[in-house]
Amino acid sequence: SNPFEVKVNRQKFDILGRKTKNDVGLPGVSRSKAIKKRNQTLLKEYKEREKTNVFKDKRFGEYNTKITSEEKMIRRFALERQQNYGKKNIYNLNEDEELTHYGQSLAEIEKLNDIVDSDSDTEERGTLSAELTAAHFGGGGGLLRKKVSTEQQDEEEVKPKSRKELIEEMIAKSKQEKQERQTRRESALELTEKLDKDWKEIQTLIARKTPKSERKEKEVEKPKPDEYDMIVRELGFEMKAKPSERLKTEEELAKEEQARLQKLEADRLRRMRGVDEEANKKRPSHMSADDLADGFILDKDDRRLLSYKEGEEEEEEEGEEEEEEEGEEEDNENEGESQEESASENEEDDAADSHSDLESDLESEEEAAGNKEEKKHKANENESQNVEKLDPKREAAKSELPYTFSVPESYETFKSLLAGRTIEQQLIILERIQKCNHPSLAVGNKAKLEKLFGFLLEYIGELATLDLPELRTIDKLVLPLYNLCQMFPETASDSIKFILRDAAHDLEEVIEAKGRAIFPGLDTLIYLKIVSLLFPTSDFWHPVVTPAFMYMSQLLTKCRITTLQDVIKGLFICCLFLEYVSLSRRFVPELINFLLGVLHISLPKNQAQGYTVVHPFTPVGKNLELLLVCDKEDLKSWEKQNVPLSIVTRLKDTSRTEINHTRLSCLALCFDLIKKCAALYESLPSFHEIMHPVRILLTQHVPVNDYPEKMQEWYHGALKELENKVKHYTPLICEKKKPVPLKQYTPKIVKVLEFGRKQAGSKKEQERKQLIHRHKRELKGAIREIRKDNQYLARMQLSEIMERDSARKRKVKELLGSLATQEGEWKAMKRKKWKN
Amino acid sequence: QLPTGLYKKILVILHDSVLPYMNEPTLMMDFLTVAYGIGGAISLLALNGLFILIHQHNLEYPDFYKKLYSLLDPSIYHVKYRARFFHLTDLFLSSSHLPAYLVAAFIKRLSRLALTAPPEALLMIIPFICNLFRRHPACRVLVHRPGGPADMSEDPYVMEEEEPSKSRALESSLWEIQSLQNHYHPDVAKAAAVLNQSLSEMEDDISGLLELSAYELFDKEVKKKAVDVPLEFEQVRGLFGKKNDIFAEHFSLD
């Protein structure tokens with residue numbers, strides 16, 4: 001635009017990030033725009049200010065929204081007709097006549113009743129009769145010619161007709177023709193209708209009576225699905241080759257597995273350290289300016305364990321795979337069934353056969369579509385049907401197991417389900433229960449399977465408490481237990497915690513009542529072992545494992561050792577402890593104490609020198625020499641053998657020799673445990689102090705030379721592990737203290753969203769302020785507009801007045817001028833008169 | 001002279017049911033001294049009465065701390081009167097006028113014995129030791145010895161020495177507590193790790209920890225709500241089916 005019209009608002013300071021809207025303006029343009037707008041609106045209003053006539057809309061229901069437009073039109077039309085009724089319009093020639101087209105009233109045609117016109121009709125419709133066309137388009141010449149010809153034919157008989165007559169005749173003729181055509185068609189319609197009716201009647205009779213062979217021929221005539229067509233459709237429905245992951249080679253699989261294990265192991269290590277995790281989690285908590293920095297913080301223990309999702313996912317995958325396999329199996333069954341079906345159907349007639357063919361086609365299509373889920377459902381249904389169908393057979397062969405199991409509701413039903421089965425069968429039953437009630441199949445299955453875990457656990461406990469504990473069964477049952485645990489970690493941990501709590505509660509009660517406790521049964525020991533199978537025992541803190549640790553520690557410190565079974569149980573728990581800490585290498589004082597005590601009771605009395613045994617062992621008292629074997633014969637004949645766990649529940653009334661052998665086995669076990677402990681704890685800074693009493697006992701008190709050779713091997717193994725550790729001490733140094741930064745008031749940081757806007761206050765307050773601000777601005781604008789309007793009006797009025805005034809002046813001038821000329825003329829006349 | 005049971009019964013109630021009502025509590029002096037000399041649990045119990053006599057009746061007891069020192073043996077963490085004993089020990093060692101060697105010897109001996117202690121006792125004794133460090137800053141060399149020899153082949157502390165001054169405790173370091181940082185109980189490990197850092201000024205309140213029982217600890221752990229339960233990823237192959245299973249070596253499933 002014209003640079004002279006631009007007005008520039010110069011900024012005093014440039015501010016970074018500020019957006020300026022009003023740095024340039026075009027005053028001329030905007031003013032002319034405003035004036036134009038006012039000319040269109042305000043001026044119009046001003047000019048019409050004293051006009052009072054109004055425009056009235058009298059159309060019917062124009063502003064009534066309740067009436068639909070259609071109804072409105074109808075009413076209007078009715079009104080119009082009412083108004084016109086009775087008035088004869090001279091131009092309206094045949095109002096009452098019915099309008100027709102080809103002899104049919106137009107109104108009827110509009111009703112659109114579909115009359116089937118025959119082909120000839122349509123042909124006829126298109127062509128007008130030659131006579132008519134000649135009459136219409138021939139310009140009358142045709143008629144004249146015809147007239148000539150007719151005149152030539154019967155000149156004498158017929159007197160020449162006038163033009164009017166001729167036309168009338170023609171009209172009458174055409175009307176007659178039309179009439180005839182109509183009647184013809186009507187009769188034809190009637191006839192076809194009659195024929196239809198008759199045919200229907202006959203058809204029913206035919207349908208019943210035609211022999212099959214005829215019909216078959218008929219059907220054969222029908223276009224049979226072509227082979228090519230079928231193939232094309234099949235191809236169309238065939239599952240599109242999805243881009244799947246390529247099959248992995250064994251190497252890759254192995255590598256993947258390795259990577260997964262490494263990841264899990266890393267996870268485990270992190271949990272084991274526990275401290276790092278805590279440090280990661282710890283956020284710099286807010287400290288007030290009043291904090292005295294005296295370390296007095298009320299801190300809560302809010303540690304959380306890291307999640308362990310991978311395993312679960314994997315488990316799910318596995319589950320899916322299993323399902324797939326299952327699905328395949330069932331598919332196979334399904335196929336077999338369908339074959340059976342088709343076989344049976346072969347006996348039926350051909351028509352039915354073709355029907356079944358179609359069905360199988362459908363099936364194949366379905367299979368091709370690969371709709372797995374549907375298939376599965378179907379398969380399941382089929383399976384259940386199968387089971388129902390084959391039930392009688394099953395009864396005959398009862399030894400076979402049913403394929404579906406519902407999850408037992410109570411422990412009793414669960415037990416009865418497994419009762420009397422072999423181990424393999426029990427395993428299969430459990431597996432099938434799990435498969436049939438996989439959580440992905442139905443909603444309630446998760447809760448059911450969760451219950452199953454509890455039942456299984458209880459069952460294992462019961463097996464262990466039997467007189468003759470079925471440990472082999474338990475050994476196998478651990479597998480489904482592990483699988484269930486992987487599916488439902490929370491429930492599993494809850495139920496095991498519940499068992500542990502019960503056991504600990506019992507123990508506490510016994511201690512309170514008698515002052516000392518006895519070792520629990522084999523079931524509890526098995527449970528503790530299962531804990532180590534199901535959960536990672538190396539975690540710094542674990543919801544199940546840590547309580548288990550506590551419980552075992554209580555067992556080792558509180559329970560009185562009175563019999564050989566107690567010793568075995570104690571050693572079992574020692575093994576558990578060692579297994580629990582085998583990866584984390586955590587220090588268990590109770591373990592060393594107990595092993596020391598076991599060694600102590602294997603010695604003859606009155607030798608407690610240089611070391612002290614602690615609770616539950618006593619340096620003097622009754623239950624000493626439990627493991628002492630004096631019989632030379634027994635010593636000689638001893639062979640190291642595994643201690644059968646059933647001994648824990650009932651010590652067979654066996655010979656002294658066997659008891660002595662068991663004692664020696666225990667002692668060997670004890671030596672081995674000491675050796676393992678020494679290997680485990682060698683990195684501890686005070687390893688020698690910890691092992692000091694054990695070493696003294698081993699070196700000074702154990703009668704090595706009396707032992708058989710095998711035992712001496714065990715003994716030397718342990719001692720060697722203890723002795724060949726280097727003594728190594730480095731003075732402790734505290735971690736360097738981080739310099740504590742000076743307390744400062746942290747600056748308040750406010751997000752600046754828009755410059756020049758007030759940011760203080762809450763959001764609500766800000767909104768309010770913004771509203772007020774906007775209102776103010778609008779008000780100002782409105783006032784300015786009104787002021788400008790007034791100015792404009794005033795200007796208009798002024799120009800009007802000026803115009804009026806100038807007109808008046810002009811008129812006055814004219815008048816005065818004319819008067820002056822009149823006067824002049826009059827004076828001139830007068831002067832003339834005077835002259836004359 | 002008296003049977004042990006009777007001794008115990010008398011000594012348990014002596015300090016609050018008998019001594020305050022006696023006109024001449026000092027008459028009990030000989031009885032208590034003898035009881036204190038017997039050793040074991042009776043000595044621990046006699047300590048309470050003796051303390052009242054020393055504290056309120058100006059009893060001069062020679063080598064009191066030496067005797068107290070010799071009372072410390074592995075059983076103190078296991079006996080029933082543990083809370084009472086440590087309450088008194090805390091009281092005796094609260095004086096800031098005690099020589100550093102004595103306190104260091106106590107610290108060293110207590111921590112050495114802690115290597116055989118159950119977790120409930122450990123949870124009590126570690127804050128106890130921390131408090132001793134706070135009261136006697138001279139003993140901090142036990143946990144912080146920047147200019148010491150780089151490597152030692154032997155712990156200088158002599159456990160068997162009866163005399164605290166000759167135990168060379170001040171030349172040693174608290175490796176026992178460092179070992180306990182690897183304790184299986186997470187709380188114990190955390191408590192022991194506190195000594196790695198420099199201690200805060202405030203003393204820990206151990207009165208609540210004195211009576212701690214194993215069952216309480218267990219209960220606390222069981223009631224903790226876990227957000228997530230980590231699982232073992234190694235596939236189970238049977239009850240004793242782990243790699244290098246100790247059980248498979250020594251036990252059979254028969």
Q: Between OG of A:Ser584 and CG of B:Asn182, what distance do you get to the nearest 0.5 Å?
A: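 Going from OG on A:Ser584 over to CG on B:Asn182, the span is 8.5 Å.
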Q: Taking C-beta and beyond as the side chain, do A:Glu590 and B:Tyr184 meet within less than 4.5 Å on heavy atoms?
A: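 The answer is yes, as the side chains (C-beta and beyond) meet within the 4.5 Å cut-off.
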Q: Could you report the tightest heavy-atom contact between A:Leu479 and B:Val236, atom names first, then the distance?
A: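 Shortest heavy-atom contact: CD2-O, 3.0 Å.
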Q: Name the option with the most non-hydrogen atom pairs under 4.5 Å to chain A; the candidates are B:Leu142, B:Asp219, B:Val143, B:Val79.
A: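 Most heavy-atom pairs under 4.5 Å with chain A: B:Val143.
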Q: Tell me, for A:Lys476 versus chain B, whether the close heavy atoms (under 4.5 Å) come from the side chain, the backbone, both or neither.
A: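 Neither part, no heavy atoms under 4.5 Å.
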Q: Name the member of A:Glu508, A:Glu470, A:Lys676, A:Arg501 that forms the most heavy-atom pairs with chain B at distances under 4.5 Å.
A: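 Answer, by heavy-atom pair count under 4.5 Å with chain B: A:Glu508.
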Q: Testing the 3.5 Å rule here: is there a donor-acceptor pair between the side chains of A:Glu689 and B:Trp175?
A: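 No pair is found: no donor N or O on one side chain lies under 3.5 Å from an acceptor on the other.
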Q: With the side chain counted from C-beta on, respond yes when B:Tyr215 and A:Glu512 share a heavy-atom pair under 4.5 Å apart, and no when they do not.
A: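 No - every pair of side-chain heavy atoms lies 4.5 Å or more apart.
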Q: If I take atom CD from residue B:Glu249 and atom CG from residue A:Asn642, how far apart are they, to the nearest 0.5 angstrom?
A: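 Between B:Glu249 CD and A:Asn642 CG, I get 8.5 Å after rounding to 0.5 Å.
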Q: Please classify the contact between A:His692 and chain B as side chain, backbone, both or neither, with a heavy-atom cut-off of under 4.5 Å.
A: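 Side chain only.
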Q: Counting only heavy atoms not in B:Glu211 (residues, nucleotides, ligands), do more than 12 fall under 6.0 Å from its CD?
A: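 No, the 6.0 Å shell around CD holds no more than 12 heavy atoms from other groups.
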Q: Could you check which of B:Glu154, B:Glu176, B:Gln181, B:Glu160 has the highest count of heavy-atom pairs closer than 4.5 Å to chain A?
A: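 Highest number of heavy-atom pairs under 4.5 Å: B:Glu154.
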Q: With the side chain counted from C-beta on, respond yes when A:Ile568 and B:Phe251 share a heavy-atom pair under 4.5 Å apart, and no when they do not.
A: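 Answer yes - side chains close enough.
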Q: Kindly indicate whether the side chain of B:Glu221, heavy atoms from C-beta on, has any atom under 4.5 Å from the side chain of A:Trp541.
A: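 When only atoms from C-beta onward are counted, A:Trp541 and B:Glu221 do touch, with a gap below 4.5 Å.
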Q: Would you call the rings of B:Phe218 and A:Tyr551 parallel, tilted or perpendicular, where under 30° means parallel and over 60° means perpendicular?
A: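 Tilted: the ring planes of B:Phe218 and A:Tyr551 meet at 30° to 60°.
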Q: Tell me, for A:Ile530 versus chain B, whether the close heavy atoms (under 4.5 Å) come from the side chain, the backbone, both or neither.
A: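 Answer is side chain: those atoms of A:Ile530 sit under 4.5 Å from chain B.
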Q: If you look at every heavy atom in B:Glu232 and A:Tyr482, which pair is closest and at what distance?
A: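 Taking every non-hydrogen atom into account, O-OH, 3.1 Å.
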Q: Search all heavy atoms of B:Pro186 against all heavy atoms of A:Thr546 and return the closest pair with its distance.
A: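 Between these two residues, the closest heavy atoms are CD-CG2, 3.7 Å.
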Q: Looking only at heavy atoms and a cut-off of under 4.5 Å, which of A:Ile690, A:Leu673, A:Thr557 has the most pairs with chain B?
A: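 Max contact count across the listed options: A:Ile690.
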Q: Looking only at non-hydrogen atoms, find the nearest pair between B:Pro230 and A:His542 and report the distance.
A: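 That closest heavy-atom pairing would be O-NE2, 3.0 Å.
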Q: Tell me, do A:Arg586 and B:His183 make a side-chain contact under 4.5 Å, heavy atoms counted?
A: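 Sidechains of B:His183 and A:Arg586: no contact.
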Q: Of all the heavy-atom pairs spanning A:Met550 and B:Leu217, show the shortest one and how long it is.
A: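 Scanning both residues completely, I find the closest heavy atoms to be CE-CB, 3.3 Å.
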Q: List the steps and the verdict of side chain to side chain contact (heavy atoms under 4.5 Å, CB included) for A:Val643 and B:His250.
A: CA-CA 6 Å; A:Val643 183; B:His250 297 287; 5.7 Å; no
Q: Heavy atoms under 4.5 Å from chain A: which residues of residues 103-127 of chain B carry them?
A: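 Within residues 103-127 of chain B, the residues under 4.5 Å from chain A are B:Arg112, B:Leu115, B:Thr116, B:Ala117, B:Pro118, B:Pro119, B:Glu120.
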Q: If you count heavy-atom pairs within less than 4.5 Å of chain B, which of A:Leu533, A:Leu684, A:Val544, A:Leu556 leads?
A: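 Heavy-atom pairs under 4.5 Å are most numerous for A:Leu533.
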Q: If you count heavy-atom pairs under 4.5 Å with chain A, which of B:Leu195, B:Leu174, B:Asp73 comes out on top?
A: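 Answer, by heavy-atom pair count under 4.5 Å with chain A: B:Leu174.
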Q: Angle class for the A:Phe572/B:Phe247 ring planes (parallel below 30°, perpendicular above 60°, tilted otherwise)?
A: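 The arrangement is tilted - the two ring planes meet at 30° to 60°.
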Q: Let's test your reading of the structure: which of A:Leu596, A:Leu578, A:Leu534, A:Leu591 forms the most heavy-atom pairs below 4.5 Å with chain B?
A: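 Of A:Leu596, A:Leu578, A:Leu534, A:Leu591, A:Leu534 has the most heavy-atom pairs under 4.5 Å with chain B.
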Q: Who among A:Leu571, A:Leu576, A:Val545, A:Leu481 has the most heavy-atom pairs with chain B under 4.5 Å?
A: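 Most heavy-atom pairs within the cutoff with chain B belong to A:Leu576.
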Q: Counting only non-hydrogen atoms closer than 4.5 Å, does A:Glu265 touch chain B with its backbone (N, CA, C, O), its side chain (CB onward), both, or neither?
A: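 Both backbone and side chain.
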Q: Which one wins on heavy-atom pair count under 4.5 Å against chain B: A:His688, A:Lys558, A:His505, A:Arg585?
A: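 Maximum pair count with chain B is reached by A:His505.
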Q: Between the side chains of B:Ser179 and A:Tyr681, does any donor sit under 3.5 Å from an acceptor?
A: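 Looking only at side-chain atoms, A:Tyr681 and B:Ser179 do not form any donor-acceptor pair under 3.5 Å.
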Q: List the atom of A:Pro536, the atom of B:Leu231, and the distance in Å for their closest heavy-atom pair.
A: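 Heavy atoms of A:Pro536 and B:Leu231 come nearest at CD-C, 3.4 Å.
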